[in-house]
Asks: 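Right, I'll just put the structure down here and ask away after.
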Amino acid sequence: MKKYNFNAGPSILPREVIENTAKQILDFNGSGLSLMEISHRSKDFQSVMDETAALMKELLEIPEGYSIIFLGGGASLQFHQVPYNFLTKKAAYLNTGTWAKKALKEAKFFGDVVEVASSAAQNYNYVPKGWSVPEDCDYLHITTNNTIFGTEIRKDLDVNVPLISDMSSDILSRPVDVSKYICIYGGAQKNLSMAGVTFVILKDDQLGKTGREIPTMLDYRTHIEKGSMFNTPPVVPIYSALETLRWIKKNGGVAEMDKRAHQRADLLYSEIDRNKLFHGTVAEEDRSLMSICFVMNDEYQELEKPFYEFATERGMVGIKGHRSVGGFRASCYNAMPIEGVQALVNCMKDFEKMN
């Protein structure tokens, strides 16, 4: 039976990315050594690092004056590292979910933090509108996709201060005007790679302005200067990212990923809205294309476990919703084929007929 991986992360990767990475783990570039044991300073791995950064710049159309670095520590380390490098006195944060809230909490160690708006009172089921940013803030931080609650900001905001974004779960799924941001970061284990590497895109001329001393490992300039080689980088996840970027380019680039994201989401949301058993959990205008959350209608609550078991038996993996929301969550990242979403839709239709 074919399995479809709807896990929130670590999540689905294109099959050829997995296979190509596995081959290099066995024998990297015909060297007779595994990718897991080669020197990160070898000529062969330097070419991996160079191509990975070059493809990120090409696919996202990153302009001159920006650097890309690859780090460990996940996006959670960036919640701390971002304000360390950019917050001088005051920063603004938009609170749209669990990860946005965590980022806001860490920033308070470095200066004043203004929460410009929050949807917490409604269990983060919408993206706040009509808020403004104080002009004396050093930056505004946003989290574009809310993996737990299922909302997404799928556009580049126009604001009156520098913009920083956590794009862990929607990077490379839509065109982005990078010139509007001074920093974009994210864990790679959604749309870019396996777990273990974090990407950070930085506007070079915005660094070094806080006036504070920054520990060497936490200073972005350290890693830019050393080409992400200041300490041993996560070699295998970076190679996996390279294979994913090659796959995206071969399959039409970011524009095609955006098209596919809409196709998957339109198919699944249409069934959620049609099916008598289910309903979506967030405001329609803020529905995520990456993290599609839905629950049983009140009169069918007793069918939640039976549907989960039914779908699991038919090859749907990882559709259980986060405990904060309950119900179900289908993570539809770039590597998810439309056939996987159709298979889930068929499960929902067949279960409806049975009940």
Side-chain angles (χ1 to χ4, degrees), residues 1-20 59 144-147 150-152 154-155 167-176 188-194 240 243-275 277-282 284-295 307-308 310-321 327-353:
M1 177 181 60
K2 186 172 179 59
K3 299 280 184 89
Y4 294 101
N5 182 0
F6 290 98
N7 277 313
S11 56
I12 188 172
L13 287 168
R15 187 64 194 177
E16 67 184 73
V17 169
I18 296 170
E19 291 176 353
N20 290 342
L59 291 168
T144 47
N145 188 64
N146 186 343
T147 55
T151 61
E152 186 175 10
R154 207 170 175 83
K155 61 181 180 179
M167 294 191 184
S168 293
S169 51
D170 60 351
I171 192 69
L172 297 160
S173 74
R174 65 175 177 91
V176 173
Q189 65 275 10
K190 318 284 189 178
N191 266 332
L192 180 58
S193 182
M194 59 189 285
S240 174
E243 287 288 352
T244 301
L245 292 165
R246 288 171 173 170
W247 178 85
I248 291 172
K249 183 176 180 178
K250 185 172 72 173
N251 282 272
V254 172
E256 177 62 22
M257 297 301 107
D258 186 39
K259 178 182 175 182
R260 294 182 186 185
H262 280 89
Q263 290 172 339
R264 289 189 298 262
D266 289 347
L267 177 59
L268 184 48
Y269 280 125
S270 292
E271 179 58 23
I272 292 168
D273 293 339
R274 183 210 64 80
N275 196 303
L277 302 180
F278 306 97
H279 69 269
T281 60
V282 303
E284 288 192 24
E285 67 272 17
D286 297 323
R287 283 175 162 177
S288 171
L289 305 191
M290 299 284 101
S291 309
I292 299 176
C293 299
F294 57 103
V295 296
F307 174 72
Y308 176 75
F310 177 79
T312 300
E313 288 171 0
R314 293 180 56 168
M316 307 302 115
V317 177
I319 63 165
K320 188 174 183 179
F328 310 98
R329 170 174 56 177
S331 298
C332 296
Y333 301 125
N334 284 344
M336 173 57 67
I338 193 72
E339 293 80 12
V341 178
Q342 185 62 62
L344 177 56
V345 166
N346 291 344
C347 284
M348 295 167 72
K349 289 180 175 179
D350 292 346
F351 194 75
E352 180 189 32
K353 291 175 183 176

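Not measured: the values here are computed from a predicted model. Residues: numbered from 1 along the sequence shown.
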Asks: Side chain to side chain contact (heavy atoms under 4.5 Å, CB included) for Met167 and Asn191? Distances and angles first, verdict last.
Replies: CA-CA 10 Å; Met167 294 191 184; Asn191 266 332; over 6 Å; no
Asks: Is a side-chain donor or acceptor of Arg329 paired with a backbone partner of Thr147 at a separation under 3.5 angstrom?
Replies: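 Pair found, side chain donor or acceptor close to backbone of Thr147.
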Asks: Indicate yes or no: at least one non-hydrogen side-chain atom of Arg264 is less than 4.5 angstrom from one of Leu289.
Replies: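 Side-chain contact under 4.5 Å: no.
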Asks: If you take all heavy atoms of Gly327 and Val295, which pair is closest and at what distance?
Replies: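 Shortest heavy-atom contact: CA-CG1, 3.8 Å.
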Asks: For Tyr333, which residues count as a ring-ring contact (aromatic ring centres under 6.0 Å, His included) partner, sequence neighbours excluded?
Replies: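 So Tyr333 forms no ring-ring contact (aromatic ring centres under 6.0 Å, His included) with any residue.
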Asks: Among Thr144, Asn145, Asn334, which residue meets the side-chain hydrogen bond (donor to acceptor under 3.5 Å, both in side chains) test with Asp170?
Replies: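 Exactly one candidate clears the test, Thr144.
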Asks: Angle class for the Tyr308/Phe328 ring planes (parallel below 30°, perpendicular above 60°, tilted otherwise)?
Replies: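 Geometry flag for Phe328 against Tyr308: parallel rings.
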Asks: Go through Leu277 and Met348 one step at a time and tell me if the side chain to side chain contact (heavy atoms under 4.5 Å, CB included) criterion holds.
Replies: CA-CA 8 Å; Leu277 302 180; Met348 295 167 72; over 6 Å; no
Asks: With heavy-atom distances below 4.5 Å as the criterion, would you say the side chains of Asn346 and Gln342 are in contact?
Replies: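 Yes. Closest side-chain heavy atoms under 4.5 Å.
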Asks: Nearest 0.5 Å please: distance from the OH atom of Tyr269 over to the NE2 atom of His262.
Replies: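 Spacing of OH (Tyr269) from NE2 (His262) equals 11.0 Å.
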Asks: Does a side-chain heavy-atom distance below 4.5 Å link Leu192 with Leu245?
Replies: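 Contact flag for Leu192/Leu245 side chains = yes.
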Asks: Please find the pair of heavy atoms, one from Met316 and one from Ala343, that lie closest to each other, and give the distance.
Replies: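 Answer, listing the atom of Met316 first, then Ala343: CE-CB, 3.6 Å.
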Asks: Using modelled atom types and a 3.5 Å cut-off, is there a donor and acceptor pairing between side-chain atoms of Glu256 and backbone atoms of Asn251?
Replies: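 No; judged by distance alone, with no hydrogens or angles, the pair does not exist.
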Asks: Looking at every non-hydrogen atom in both residues, tell me the closest pair between Gln189 and Ser11 and how far apart they are.
Replies: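 Of all heavy-atom pairs spanning Gln189 and Ser11, the closest is O-OG, 2.9 Å.
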Asks: Kindly write out the residues that satisfy salt bridge (charged side-chain N to carboxylate O under 4.0 Å, His left out) with Arg246, not counting sequence neighbours, or none if the list is empty.
Replies: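 Salt bridge (charged side-chain N to carboxylate O under 4.0 Å, His left out) list for Arg246, sorted by chain: Glu51, Glu243.
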Asks: Determine the minimum heavy-atom distance between Ser288 and Ile292, stating which atoms define it.
Replies: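 Between these two residues, the closest heavy atoms are O-CG1, 3.6 Å.
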Asks: First locate atom NZ of Lys249, then atom OG1 of Thr244, and finally report the distance between them rounded to the nearest 0.5 Å.
Replies: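 If we round to the nearest 0.5 Å, Lys249:NZ and Thr244:OG1 are 15.0 Å apart.
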Asks: Can you name the residues that form a ring-ring contact (aromatic ring centres under 6.0 Å, His included) with Tyr4, not counting sequence neighbours?
Replies: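 Tyr4 satisfies ring-ring contact (aromatic ring centres under 6.0 Å, His included) with no residue once adjacent residues are dropped.
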Asks: Working to the nearest 0.5 angstrom, can you tell me the gap between Leu13 CG and Glu19 CD?
Replies: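 So the CG of Leu13 and the CD of Glu19 are separated by 12.0 Å.
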Asks: With the side chain counted from C-beta on, respond yes when Ser173 and Arg154 share a heavy-atom pair under 4.5 Å apart, and no when they do not.
Replies: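 When only atoms from C-beta onward are counted, Arg154 and Ser173 do touch, with a gap below 4.5 Å.
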Asks: Is the backbone of Asn146 close enough, under 3.5 Å, to the side chain of Ser169 for a donor and an acceptor to pair up by distance?
Replies: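 No: the side chain of Ser169 does not pair with the backbone of Asn146.
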Asks: Which residues pass the salt bridge (charged side-chain N to carboxylate O under 4.0 Å, His left out) test with Asp273, sequence neighbours left out?
Replies: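 Applying salt bridge (charged side-chain N to carboxylate O under 4.0 Å, His left out) to Asp273 gives Arg287.
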Asks: Examine distances only and state if a side-chain atom of Ser240 and a backbone atom of Ser193 form a donor-acceptor pair shorter than 3.5 Å.
Replies: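 Such a contact is absent between Ser240 side chain and Ser193 backbone.
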Asks: How long is the gap from SG on Cys332 to CE on Met290, to the nearest 0.5 Å?
Replies: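 Between atom SG of Cys332 and atom CE of Met290 there are 7.5 Å.
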Asks: Before you tell me yes or no, could you show the steps for Asn7 and Ile12 under side chain to side chain contact (heavy atoms under 4.5 Å, CB included), namely the whole-Å CA-CA distance, both residues' side-chain angles and the distance that decides it to 0.1 Å?
Replies: CA-CA 7 Å; Asn7 277 313; Ile12 188 172; over 6 Å; no
Asks: Please report the shortest heavy-atom distance between Ala311 and Cys347, naming the atom on each side.
Replies: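 Looking at all heavy atoms of both residues, the closest pair is CA-SG, 4.2 Å.
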Asks: Can you find a heavy atom in the side chain of Asp350 that is under 4.5 Å from one in the side chain of Phe310?
Replies: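 Of all side-chain heavy-atom pairs linking Phe310 with Asp350, at least one is under 4.5 Å.
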Asks: If you round to the nearest 0.5 Å, how far is CE of Met336 from CZ of Arg260?
Replies: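 Interatomic distance, Arg260 CZ to Met336 CE, rounded to 0.5 Å: 13.0 Å.
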Asks: Only counting residues at least two apart or in another chain, list the ones meeting salt bridge (charged side-chain N to carboxylate O under 4.0 Å, His left out) with Arg274.
Replies: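 In terms of salt bridge (charged side-chain N to carboxylate O under 4.0 Å, His left out), with neighbours along the sequence ignored, Arg274 is linked to Glu271, Glu352.
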Asks: With side chain to side chain contact (heavy atoms under 4.5 Å, CB included) as the test, would you mind laying out the steps for Leu172 and Met257 before giving the verdict?
Replies: CA-CA 7 Å; Leu172 297 160; Met257 297 301 107; 5.8 Å; no
Asks: Does Phe6 have any ring-ring contact (aromatic ring centres under 6.0 Å, His included) partners at least two apart in sequence or in another chain, and if so, which?
Replies: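 Partners of Phe6 under the ring-ring contact (aromatic ring centres under 6.0 Å, His included) test: none.
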Asks: Atom CG in Leu59, atom CD1 in Ile171: separation rounded to 0.5 Å?
Replies: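 It is 10.5 Å, given to the nearest 0.5 Å.
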